[in-house]
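Here's the structure we're looking at; comments come further down.
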Amino acid sequence: MAEVVKFGRPKGFFETFERRPGSIKKNMSYCPGCGHGVLHKLIAEAMADFGIQDKTTFISPVGCSVFAYYYFDCFGLQVPHGRSAAAATGLTRANPDSIVIGYQGDGDLAAIGFNAFMQAANRGENYCVFFVNNAIYGMTGGQMAPTSLLGQKTATSPYGRNALTEGYPLKISEMVSQLESPVYVERVALTTPANIMKARKAVRKAIQINMEKKGFAFVEVLSGCPVNLKMKPADMDKFIDENMTKYFPLGVYKDVTAEREPVVRPVPTFEKADVEKALYRELPGGDQEHESCDSEIFNRELRIKIGGFGGQGVLSLGLIMAAMGKYRNLNVSWLPSYGPEMRGGTANCAVIVNKGPIGSPIVDSNCDLLVVLNRPSLDKYLPELGENGVLMYDSSTIKEVPAVKPGQKAIALNTGDIAEEFGNLKCANAVMLGAIGAMLTKHYLTPADAAKFQETAEAAIAECFAGKDKIVKMNIEACKLGFDKMQAAL
Amino acid sequence: MSQTVKKTFRCHPEPDECKGCGRCVSACPKKLLKLGSALNIMGVPYAEYSGEGCVGCGACFYTCPEPGAITIYEITPEA
């Protein structure tokens, strides 16, 4: 006589659960009769049968199955409550060849993580989700879940769920099947052996769709929680088959597997050189070679802050200066900060220019160039000016001469008045840009760099006001005017 | 032996891996499983197999929530 195992412990599980604390290492931590164990077995069996354990990631949710990574012999990721879909998106996008299994309960998927889940389903992410619907919050002690039935008594609905106060149970399978992207949606129940075999088929199909990279597959599993439903396992199966399936009918809600082609998304790269190339990309229309920028000041990080009223063009001035750095092939950052008002509130932006990488875009100290267009900004940001920093301000609005420290420079130009005379007060920021150019030319730039100023400013203005030819022309003229006025004043 | 020998099966519930939920008892189409009165290491009465008649359908295996509490063996007479 010879005996062979026909049905036995699935190979998708660890042989012993070494990660599980305590002396019991062969069993899972679930209560007697819990549906999690049944579904875990179906998934473990399918993983082993398909030979995909080495490229599968099982995402453990928050809930009773939080420790699923104790049991499954594959990669495991435990995510915060409801974040399964977000983590799965990252995993499948970063590793398109991997098999990703999401496993969520009704609290995790249908309440806290509902938005993340629906968006992932709608994007048709390449992974499969097993949604354990037991009509109750299990791990936390039997509170009402989004899927609790009408009239169902729970810890938080002691008189029974009432549609007028708590709404109707969410029909997730029906909702997901209405979306365009999902490939396969089925609702099954872990009750009778016949139903469990249907669930087994659904689990295998969802994983196969994932292996074929056809997109989003979803299986809702009506599962029992004998402890919190306060029933014996046999009564619980009856409750599911007689009560739950009336509101949550079993069956295939959507299956377009046959007509869908594999989903192909751009393949990501983790090569250092490629990532750097993507981050510090070649300049559009700019000089492809690294320009020398041989002035002394470009040999270190230049930290610039610009402050004024919203509407004075504070943010645009920063953007133009950042674009100028870009056109000289320097690394730049631009960080705006403003209130909710479009006009009248205070606004500021920080610009950093560096030949090397920029660590943080924030400028709140050691500022090299502070440009202020109103009095409140002067008071607020002057303390941030560095030891040898330069302050440039609009003397048409700031009448008193600011008290700068020894070593610092305060340079004034009545940019507001000049812009008004020029014909458009809105150009005060471009006048200031020209003034900055004249100041830099006089004190800091080599002749080679100075010669590039006007050309670079024009390219940057053209980029920032792209498509508005009149405004571009006007700002370029205002910039030239500011340059000349400042040059004359210095 | 001829090739037409009928396959036989044996169901083995592992006493110390059973939590006594009784799902297999209701699942078995031949009513060959029952919860006994003895207690296992977890302190629960565990499922017991009557000893013969298993048809190898797997109903008890798939309905059991524990990974390896039930094993079903296929018995082939040696040639």
Side-chain angles (χ1 to χ4, degrees), chain A residues 1-17 22-45 70-73 190-201 203 223-224 226-227 231-238, chain B residues 1 5-35 39-47 49 51-52 54-79:
Chain A
M1 302 283 271
E3 284 193 340
V4 287
V5 175
K6 186 163 186 220
F7 298 103
R9 188 186 180 90
K11 298 276 183 258
F13 286 127
F14 290 114
E15 193 49 44
T16 50
F17 301 141
S23 58
I24 295 168
K25 303 285 191 197
K26 286 278 188 184
N27 288 91
M28 296 189 278
S29 50
Y30 305 116
C31 310
C34 175
H36 277 307
V38 180
L39 182 56
H40 277 27
K41 255 167 112 169
L42 298 179
I43 295 170
E45 184 194 48
Y70 283 3
Y71 313 128
F72 288 101
D73 187 4
L190 301 176
T191 52
T192 59
N195 276 339
I196 291 174
M197 295 321 278
K198 278 187 196 156
R200 180 175 180 266
K201 221 174 122 194
V203 165
S223 164
V227 172
M231 292 175 200
K232 286 184 183 154
D235 299 335
M236 182 191 73
D237 286 353
K238 233 169 109 182
Chain B
M1 296 292 281
V5 170
K6 207 178 164 193
K7 282 178 181 172
T8 53
F9 300 90
R10 180 169 71 87
C11 171
H12 172 69
E14 177 60 40
D16 284 342
E17 291 189 33
C18 175
K19 286 178 182 167
C21 71
R23 287 182 65 102
C24 57
V25 176
S26 353
C28 179
K30 299 279 177 192
K31 306 282 172 223
L32 302 174
L33 292 157
K34 64 174 173 60
L35 292 182
L39 304 181
N40 67 6
I41 53 163
M42 286 184 269
V44 297
Y46 49 88
Y49 173 52
E52 58 181 21
C54 175
V55 292
C57 69
C60 58
F61 172 79
Y62 283 110
T63 198
C64 172
E66 296 309 318
I70 290 180
T71 311
I72 294 170
Y73 296 93
E74 186 177 327
I75 304 164
T76 41
E78 281 187 62

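Here is the naming used below: chain letters follow the sequence lines, and residue numbers restart at 1 for every chain.
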task = Using non-hydrogen atoms and a 4.5 Å limit, figure out which bit of B:Cys60 sits close to chain A: side chain, backbone, both or neither.
result = neither

query = Just by modelled atom types, is the B:Gly58 backbone N or O under 3.5 Å from a matching donor or acceptor in the A:Lys6 side chain?
reply = no

ask   = Which bit of B:Ile70 is near chain A, if near means a heavy-atom gap under 4.5 Å: side chain, backbone, both or neither?
value = backbone

task = For each of A:Leu42, A:Leu190, A:Asp237, tally heavy-atom pairs with chain B at distances under 4.5 Å, and name the one with the top tally.
result = A:Asp237

inquiry  = For a 4.5 angstrom cut-off between non-hydrogen side-chain atoms, does B:Glu14 reach A:Lys26?
reply    = no

Centroid separation A:Phe13 to A:Tyr71 less than 6.0 Å = no

message = Looking only at heavy atoms and a cut-off of under 4.5 Å, which of B:Ala27, B:Pro67, B:Gly68 has the most pairs with chain A?
response = B:Pro67

ask   = Is any side-chain heavy atom of A:Pro233 closer than 4.5 Å to a side-chain heavy atom of B:Cys21?
value = yes

task = Please look at A:Ser223 and chain B and tell me whether the side chain, the backbone, both or neither of the residue comes under 4.5 angstrom of a heavy atom of that chain.
result = neither

message = If we ignore hydrogens and angles and just use 3.5 Å, is the side chain of A:Asn27 paired with the main-chain N or O of B:Glu17 as donor and acceptor?
response = yes

query = What option among A:Ile24, A:Thr191, A:Leu39 has the most heavy-atom pairs under 4.5 Å with chain B?
reply = A:Thr191

Residue selection (most heavy-atom pairs with chain B, distance under 4.5 Å) from A:Met236, A:His36, A:Glu45, A:His40 = A:Glu45

Main-chain N/O of B:Glu66 paired to A:Lys41 side chain as donor or acceptor, under 3.5 Å = yes

